Number of protein chains: 2
Amino acid sequence: MLSKKTKYGIKALTFLAKQEGNAPVQIETISKSENISRKFLESILLSLRKNGFLGSKKGKGGGYYLLKKPSEIQMVDVMRILEGPIAMVPCVSLNFYEKCSDCPDEASCAVHLLMVKVRDNTLDIFRNTSLADLTN
Amino acid sequence: MLSKKTKYGIKALTFLAKQEGNAPVQIETISKSENISRKFLESILLSLRKNGFLGSKKGKGGGYYLLKKPSEIQMVDVMRILEGPIAMVPCVSLNFYEKCSDCPDEASCAVHLLMVKVRDNTLDIFRNTSLADLTN
DNA sequence: TATAATTCCTATCGATTTAGTAGGATAATA
DNA sequence: TATTATCCTACTAAATCGATAGGAATTATA
């Protein structure tokens, strides 16, 4: 399951991508427009800022804005920051690899084999989809 | 994340598929061979039996056995029973559909759009992979 | 310089899910 | 009848998730 955090994060990025110009948009504005709990969204935007997707400005007229063009923001990077691993199993993850304690040999593991296929395909989609692609 | 339930279930099915003949295999045997908690595996096999993948026999010489040929068992069916929805978001699920409470229009939702792509690809893999394919 | 507006940060909480355990009921075999 | 195995229900500890609370820090503006 995709977490609400990721879902809301993508919606917020999309909202920002749709703005004309690059003026800061307040949390409150996004929260109301996208029906996202204000405080929860706050923490998500904070995390997106700390990871280089967003810039922010404090005080009156402040808010968040995209640091790159939507076409330059790949979904694979967004997913990794918000959701974590792309793979369904740690033993198949490129960026969050962990060995399975129960499995003596990955090469002959049915689950491993199947999940590698899924990861490759999913990765391909996330790599080849930018924020711009989702903003019609 | 793939649940341990699904992971163990697939491993158990693979183990059974590798057997010569169709003689019942005891829970204990699978549990030890695949390093799966005995009691947990018990509940998983029970669920696979109730959903038509396995047959069982009680008493001495009893155990579990496949009801179909491995090549006739599609991973998509296994996944749906053990893991639930294939889709990462309910509003994109074919078999477990649920509307998002926060989203006024699926057609224009970025998350929806992205997750449909992922679902289609993943579904394709699970549909075109049989238990036999995983048993080398 | 005072005030209001806004992000920043840490901590906490309730609900749900997950992985696993316990213990006995039921059925088949010898 | 004794033994072997599955069947079934209920319980539990730990982790995760979604959300909330409350105030600190910073900036714009009157």
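In what follows, chains are A, B, ... by sequence order, proteins preceding strands, each numbered from 1. The structure displayed is predicted, hence computed values, not measured ones.
- Within 6.0 Å of atom CD in A:E98, 12 or fewer heavy atoms from other residues, nucleotides or ligands are found, so the atom counts as exposed in its surroundings.
- Across the protein-nucleic acid pair, A:I27 atom CD1 and D:dA19 atom C1' stand 15 Å apart, rounded to whole Å.
- When only modelled atom types and interatomic distance are considered, A:E83 and A:S3 share a side-chain donor-acceptor pair under 3.5 Å.
- Contacts of residues 82-95 of chain A with DNA chain C (heavy atom under 4.0 Å): none.
- Regarding A:Q26, its CD atom lies at a distance of 10 Å from the C1' atom of C:dT7, rounded to whole Å.
- With rounding to the nearest 0.5 Å, the separation of CD1 in A:I44 from CZ in A:R49 is 15.0 Å.
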What string of B, S and - do you get for nucleotides 19-30 of chain C, 5' to 3', when a contact is any protein heavy atom under 4.0 Å? SSBBBB-BSBS-
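- At least one side-chain heavy atom of B:L45 sits less than 4.5 Å from a side-chain heavy atom of B:Y64.
- Note that the CD atom of A:E28 and the CG atom of A:L41 stand 9.5 Å from one another [nearest 0.5 Å].
- Minimum heavy-atom separation, A:P90 to B:M1: CD-SD, 3.9 Å.
- At a threshold of 4.5 Å between non-hydrogen side-chain atoms, the residues A:F40 and A:K5 count as touching.
- For the pair A:K7 NZ and D:dC17 P, the computed distance is 15 Å after rounding to whole Å.
- Here the side chains of A:L66 and A:F53 are not in contact, with every heavy-atom distance at 4.5 Å or above.
- Annotation: side chain of B:C100 is not in contact with side chain of B:H112 (no heavy-atom distance under 4.5 Å).
- Following rounding to the nearest Å, A:L16 (CG) and C:dT7 (P) show an atom-to-atom distance of 11 Å.
- Applying the 4.0 Å criterion to OP1 and OP2 of C:dC8, one finds that A:S56 has a side-chain N or O inside that range.
- To the nearest 0.5 Å, atoms OH (A:Y65) and CG (A:N22) are separated by 8.0 Å.
- Within residues 47-54 of chain B, no residue has any heavy atom closer than 4.0 Å to DNA chain C.
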